[in-house]
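Remarks on the structure that follows.
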Amino acid sequence: MIKELPKVYEPSESEDRIYKFWLDNGLFNAEPSPDKKPYSIVIPPPNVTGQLHMGHAFDDTLQDVLIRTKRMQGYSTLWMPGTDHAGIATQIKVEAELRKEGLTRYDLGREEFLKRVWAWKEKFGSRIITQLYKLGASCDWRRLRFTMDEGLSKAVRETFVSLYEKGLIYKGNRIINWCPHCETALSDAEVEYSEQAGKLWYIKYQIEGSDDFLEIATTRPETMMGDTGIAVNPNDERYRHLIGKKAILPLMNRPIPIFADDYVEMDFGTGCVKVTPCHDPNDFDMGKRHDLEFILVIDGNGKINKNGGKYCGLDRLEARKQVIEDLDKLGLLTKTEDYSHNVGTCYRCGTNVEPMTSSQWFVKMEPLAKEDLAAVRRGDIKFIPERFTKTYTNWMENVHDWCISRQLWWGHRIPAWYCKDCGHITVSREDPDKCEKCGSANIKQDEDVLDTWFSSALWPFSTMGWPEKTRELEYYYPTNVLVTGYDIIFFWVARMICFGLEQMKERPFKEVFLHGIVRDSQGRKMSKSLGNGIDPIEVIEKYGADALRFTLITGNSPGNDTRFYYERVEANRNFCNKIWNASRFVMMNLTVEDFTLPEKLSLEDKWILTLYNRLVREVTENIEKYELGVAADKLYSFIWDKYCDWYIELCKTRLLDGNDKEGSECAQRVLGHVLCGTLKLLHPFMPFITENIWQALPHKGVSIMVSEWEKPDERYEFPSAVAEMEQIMEAVRVVRNRRSEMNVPPSKRAALTIVTKSPELFAGAEPFLKRLASASSVTVADKTPENADSMVSCATDAAHIFMPLSELVDLEKEKERIKGEIAKSEKFAASIEAKLSNENFVSRAPEAVVSAEREKLEKTKALIEKLRHSLEIL
RNA sequence: GGAGACAUAGCUCAGCCGGUUAGAGCGUUCGCCUCACACGCGAGAGGUCGUGGGUUCGAUCCCCGCUGUCUCCACCA
């Protein structure tokens with residue numbers, strides 16, 4: 001037993017050692033076991049070459065709390081770890097490295113480039129994992145998966161092929177979002193809209209065969225070379241006569257049809273819309289409806305192509321300038337207005353996204369979404385907090401087909417081969433060597449890879465070995481809960497539900513526990529560009545993982561953002577220190593070998609045990625309901641305000657008096673029992689310090705993390721002891737209060753005379769009053785002492801306490817003070833009386849509420865009576 | 001345009017789906033080196049719970065309107 005512990009807890013000295021101890025003993029390992037119930041969580045896979053940021057720390061702490069709790073509750077728990085290849089993000093990083101050498105990926109070629117990326121992955125792939133060690137994450141690391149592992153790649157391929165066979169994946173030439181910087185298509189979810197200052201240009205078009213003009217307004221003149229029509233509202237009187245005629249497209253001098261479409265708003269701009277089917281989603285639809293020509297004028301690199309006439313080769317922004325200038329010269333530019341509008345940007349690089357038609361692969365969402373909505377409506381999948389159900393259903397109800405092909409090299413290559421002879425596309429589970437239709441060997445694989453989120457969508461089952469039928473899948477699937485931020489509901493959560501239901505015919509998780517974003521102390525998002533990110537590893541090194549974890553868990557509620565303050569980390573570091581010292585105190589006084597509770601318990605033992613029982617019940621319940629912050633708060637206040645501030649102090653009487661062996665041992669057992677139990681309840685939140693202390697205390701088993709979760713024990717419920725103890729505590733408080741008001745130092749002790757109807761109780765409390773209320777002696781009396789007029793008094797509802805310190809007090813001021821207290825209590829009593837005299841209240845409120853009010857009134861009256869008496873004496 | 005969240009002490013937030021003399025951390029005031037802890041102990045000050053209605057015996061909590069802040073979705077060229 002360690003008795004010489006340092007006064008200040010130093011987390012850095014033990015955390016790594018403890019983590020290694022857990023690893024060495026295989027305590028994180030998950031095995032399907034028939035005699036246990038399964039509990040599983042898959043980690044939201046971080047980018048393989050990324051670093052741990054506060055968002056991960058938050059997300060993973062929440063998961064670790066749940067996993068550790070369930071493990072202690074006897075479940076066979078699997079926390080499945082892994083990393084994501086993060087297509088665009090990783091490729092961008094490696095390309096940036098290449099650029100330093102003056103190279104592009106095209107210089108290297110596909111194969112060489114991929115070698116580079118793999119090397120990059122080897123170099124940085126383990127960094128984030130070891131950072132998770134620091135946090136205390138209890139994942140089964142033997143099972144670490146990567147989205148581009150062989151097995152997971154097989155899952156991706158199987159899914160692609162089977163969806164293709166069902167007609168749920170198709171290739172089509174449709175309008176998509178294109179990032180000219182990343183040079184790839186993006187899905188709708190990958191586009192972030194931002195308000196940008198722009199201009200609205202008004203341009204004159206001549207009507208064919210006439211001297212008349214019509215005017216259009218546009219924010220994007222650079223696309224006009226691709227215009228193939230002009231639309232007006234069918235009800236617009238101004239333009240009705242032009243419908244069916246043609247206008248001459250300026251600069252290109254090409255006649256384009258004028259037609260009517262409901263889409264056009266009459267009161268915006270001029271009421272005439274230039275239609276560019278290849279570069280605007282709405283125009284694309286109109287183009288289809290009215291059978292317009294489709295002319296692509298912007299290339300993948302954001303430059304105008306050969307269809308753009310003289311502007312060919314110009315960057316889109318340069319082209320815009322030129323077009324405006326030319327129109328102005330021709331006298332066709334009539335007006336320029338400032339106009340602020342939402343522009344789509346790439347979520348990875350921030351570049352303005354270019355809508356354009358392109359031949360891409362899509363997942364047909366409509367038939368899938370039906371099931372996805374039904375599962376949530378049935379309650380098979382529950383969102384916490386519930387309001388996110390609506391976010392999800394709104395999105396699912398309006399979901400568009402998902403563009404899944406990316407013009408990147410890093411990722412899962414699309415398993416489709418094009419026949420150069422017959423044009424047939426062969427999509428296959430095994431690499432084909434000939435066209436499945438015409439047998440030609442002249443086939444070539446699609447150059448593109450799949451959206452990163454395609455493989456992420458399979459994560460809950462691909463990590464467990466699917467498409468093989470594995471023990472893990474059988475036992476741990478579906479997972480119990482998915483823990484993630486509300487910001488990736490669409491990217492990930494919705495798609496996992498989609499593919500889980502489609503491929504497994506079973507939901508991927510039963511519950512989705514959503515949290516918010518960790519912001520800086522000013523409420524700003526932490527970001528690289530602002531430089532306001534806080535590195536969790538630095539926080540851990542300085543304050544310990546437990547303090548960081550506690551900071552992330554407390555002070556917020558599910559689904560809400562939270563701000564990060566060093567002051568809070570410090571407060572929680574102090575809490576660790578408090579636990580450390582309380583434990584140190586217990587150990588310093590230890591002579592018994594175990595913490596079996598004795599038959600005969602003291603009042604204060606009954607009090608703390610009752611409160612402890614309540615704590616066990618509530619903390620367990622709170623965790624069950626994902627109210628982790630509430631649970632943590634309760635542990636904090638129990639340990640600090642109840643166990644340390646009162647119980648330890650009360651125990652000192654028995655522990656330090658020397659002659660009371662039985663009492664001392666009883667106190668030790670209760671102290672130890674409650675401490676051990678509280679450490680267990682705290683362990684999911686603060687795994688390191690609890691293990692550290694638990695190891696130093698008498699214990700059974702290898703580790704606190706596999707010890708049995710506490711259960712409430714009805715044998716230790718003592719409500720009347722709690723009430724009695726409260727009376728004593730209240731007496732201590734009022735005496736302290738009086739002394740403090742008079743500025744009496746603790747060293748100046750005073751003889752107390754207590755007038756009470758519970759003489760035994762207060763006589764028994766003598767040691768407590770001596771220790772905690774600076775009493776030199778305690779006399780219990782049944783009536784006011786003779787010399788009360790020369791004493792200072794204070795009162796609770798149960799006790800009238802006198803102490804001879806009157807020389808320290810101004811009599812008149814004392815009278816005023818008492819009068820004030822009486823007034824306050826009388827006001828309170830009056831409010832209760834008002835309630836109780838209300839017929840409706842007495843008859844309609846629950847009996848328990850009414851009797852509680854009656855009791856309150858009685859106590860208040862008892863207090864007032866004593867205060868009045870004090871006043872009389874003076 | 002649609003949806004949602006938030007508005008509680010100087011600051012940041014809790015308040016566990018109606019009954020509390022409304023809580024915490026930090027900050028602040030006063031007194032303490034009290035034999036676990038000054039990363040501490042004791043005692044205080046500080047809140048018309050945004051606003052106007054409604055439901056109820058009773059509303060910080062439920063419903064409706066308003067004001068303010070924020071977020072997401074859609075996206076009018």
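For clarity, every value in this text was computed on a predicted model and none was experimentally measured. Each chain gets a letter, A, B and so on, in the order its sequence line appears, and its residues count up from 1.
Within the nucleic acid shown, A:F828 comes within 4.0 Å of at least one base atom, counting heavy atoms only. Using a 4.0 Å heavy-atom criterion, one finds that A:Y9 contacts no nucleic acid atom at all. Nucleic acid contact for A:N572: none, since no nucleic acid atom lies under 4.0 Å from a heavy atom of the residue. A:W201 comes within 4.0 angstrom of no nucleic acid atom, judged by non-hydrogen atoms across all strands. Using a 4.0 Å heavy-atom cutoff across all strands shown, A:Y193 reaches at least one base atom of the nucleic acid. Residue-level contact check: A:K652 touches the bases, meaning some heavy atom is under 4.0 Å from a base atom. Nucleic acid contact class of A:C576 (heavy atoms, under 4.0 Å, all strands): none. A:K634 comes within 4.0 angstrom of a nucleotide base, judged by non-hydrogen atoms across all strands. Across all strands, A:A582 comes closer than 4.0 Å to base atoms (heavy-atom distances). Looking at heavy-atom distances under 4.0 Å, A:P746 makes contact with a base. A:P846 comes within contact range of at least one nucleobase, with a heavy-atom separation under 4.0 Å. Within the 4.0 angstrom heavy-atom criterion, base atoms lie near A:N342. Residue contacts for A:V275: at a heavy-atom cut-off of 4.0 Å it reaches no nucleic acid atom on any strand shown. The residue A:E195 sits apart from the nucleic acid: no heavy atom pair falls under 4.0 Å.
Taking atom P on both nucleotides, B:rG54 is separated from B:rG47 by 28 Å, rounded to a whole Å.
Only A:K835, A:N838, listed by number, bring a heavy atom of residues 829-838 of chain A to less than 4.0 angstrom from any atom of RNA chain B.
Interface remark: the A:R573 side chain does form a donor-acceptor pair with the B:rC39 base, using a distance-only criterion of under 3.5 Å. Judged by distance alone, with hydrogens and angles left aside, A:K578 brings a side-chain donor or acceptor within reach of the base of B:rC37, the pair sitting under 3.5 Å. Evaluation of atom-type donor-acceptor distances gives no pair under 3.5 Å for the side chain of A:E627 against the base of B:rA14. Between the side chain of A:N394 and the base of B:rC73 there is no donor-acceptor pair of N/O atoms closer than 3.5 Å. With hydrogens and angles left out, the side chain of A:N622 and the base of B:rC16 share a donor-acceptor pair within 3.5 Å.
Looking at A:R817 and A:E821, a side-chain N of the basic residue comes within less than 4.0 Å of a carboxylate O on the acidic one, giving a salt bridge. In this structure, A:R316 does not pair ionically with A:E222, as no charged nitrogen and carboxylate oxygen lie closer than 4.0 Å. For the pair A:K199 and A:D338, the salt-bridge criterion is met [side-chain N within less than 4.0 Å of a carboxylate O]. Ion pairing between a basic and an acidic side chain is recognised when a charged N comes within 4.0 Å of a carboxylate O; A:E853 and A:K835 show such pairing. By the 4.0 Å N-to-carboxylate-O rule, A:E826 lies too far from A:K824 to be salt-bridged with it. Between A:E726 and A:R733 there is a salt bridge, since at least one side-chain N of the basic residue sits less than 4.0 Å from a carboxylate O of the acidic one.
Annotation: of the two residues near RNA chain B, A:K824 and A:P558, the 5′-most nearest-nucleotide partner is A:P558. RNA chain B is contacted by both A:R771 and A:K625; A:K625 maps to the nucleotide lying nearer its 5′ end (nearest heavy atom per residue).
Annotation: A:K652, atom NZ; neighbour count of heavy atoms from other residues, nucleotides and ligands within 6.0 Å is above 12.
Taking only side-chain nitrogens and oxygens, A:K856 comes nearer than 4.0 Å to OP1 or OP2 of B:rU21. Look at A:R563 and you'll find a side-chain N or O under 4.0 angstrom from OP1 or OP2 of B:rC13. Residue A:S557 places at least one side-chain N or O closer than 4.0 Å to OP1 or OP2 of B:rA14. For B:rG40, the OP1/OP2 oxygens have a side-chain nitrogen or oxygen of A:N574 closer than 4.0 Å. Checking the phosphate oxygens (OP1, OP2) of B:rG4, a side-chain nitrogen or oxygen of A:K390 falls inside 4.0 Å. Remark: A:W580 is not in phosphate contact with B:rG40, judged by side-chain N or O atoms under 4.0 Å from OP1 or OP2.
Taking atom NZ of residue A:K748 and atom C1' of nucleotide B:rG42, one finds them 18 Å apart after rounding to whole Å. If you take CG of A:D261 and P of B:rA77, they are 16 Å apart, rounded to a whole angstrom.
Counting only N and O atoms by type, the side chains of A:E195 and A:S340 include a donor and acceptor under 3.5 Å apart.
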(request) Decide side chain to side chain contact (heavy atoms under 4.5 Å, CB included) for A:L836 and A:I832; before the verdict, give the C-alpha distance in whole Å, the side-chain angles of both, and the deciding distance to 0.1 Å. (result) CA-CA 6 Å; A:L836 287 170; A:I832 303 171; 3.9 Å; yes

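Under the 30°/60° scheme for interplanar angles, the aromatic rings of A:Y339 and A:F268 are found to stand perpendicular. The aromatic rings of A:Y566 and A:F564 sit perpendicular to each other, their planes meeting at more than 60°, with 30° as the lower class boundary.
Listed nucleotides: B:rA5, B:rC37, B:rU20. Nearest to the side chain of A:N560: B:rA5.
A:F383 does not carry A:K390 over the face of its six-membered ring by the limits of under 6.0 Å from the centre and within 45° of the normal.
RNA chain B contains the following stems of three or more consecutive Watson-Crick or G-U pairs, with both distances under 3.5 Å: B:1-7 with B:67-73, B:10-13 with B:23-26, B:28-32 with B:40-44, B:50-54 with B:62-66.
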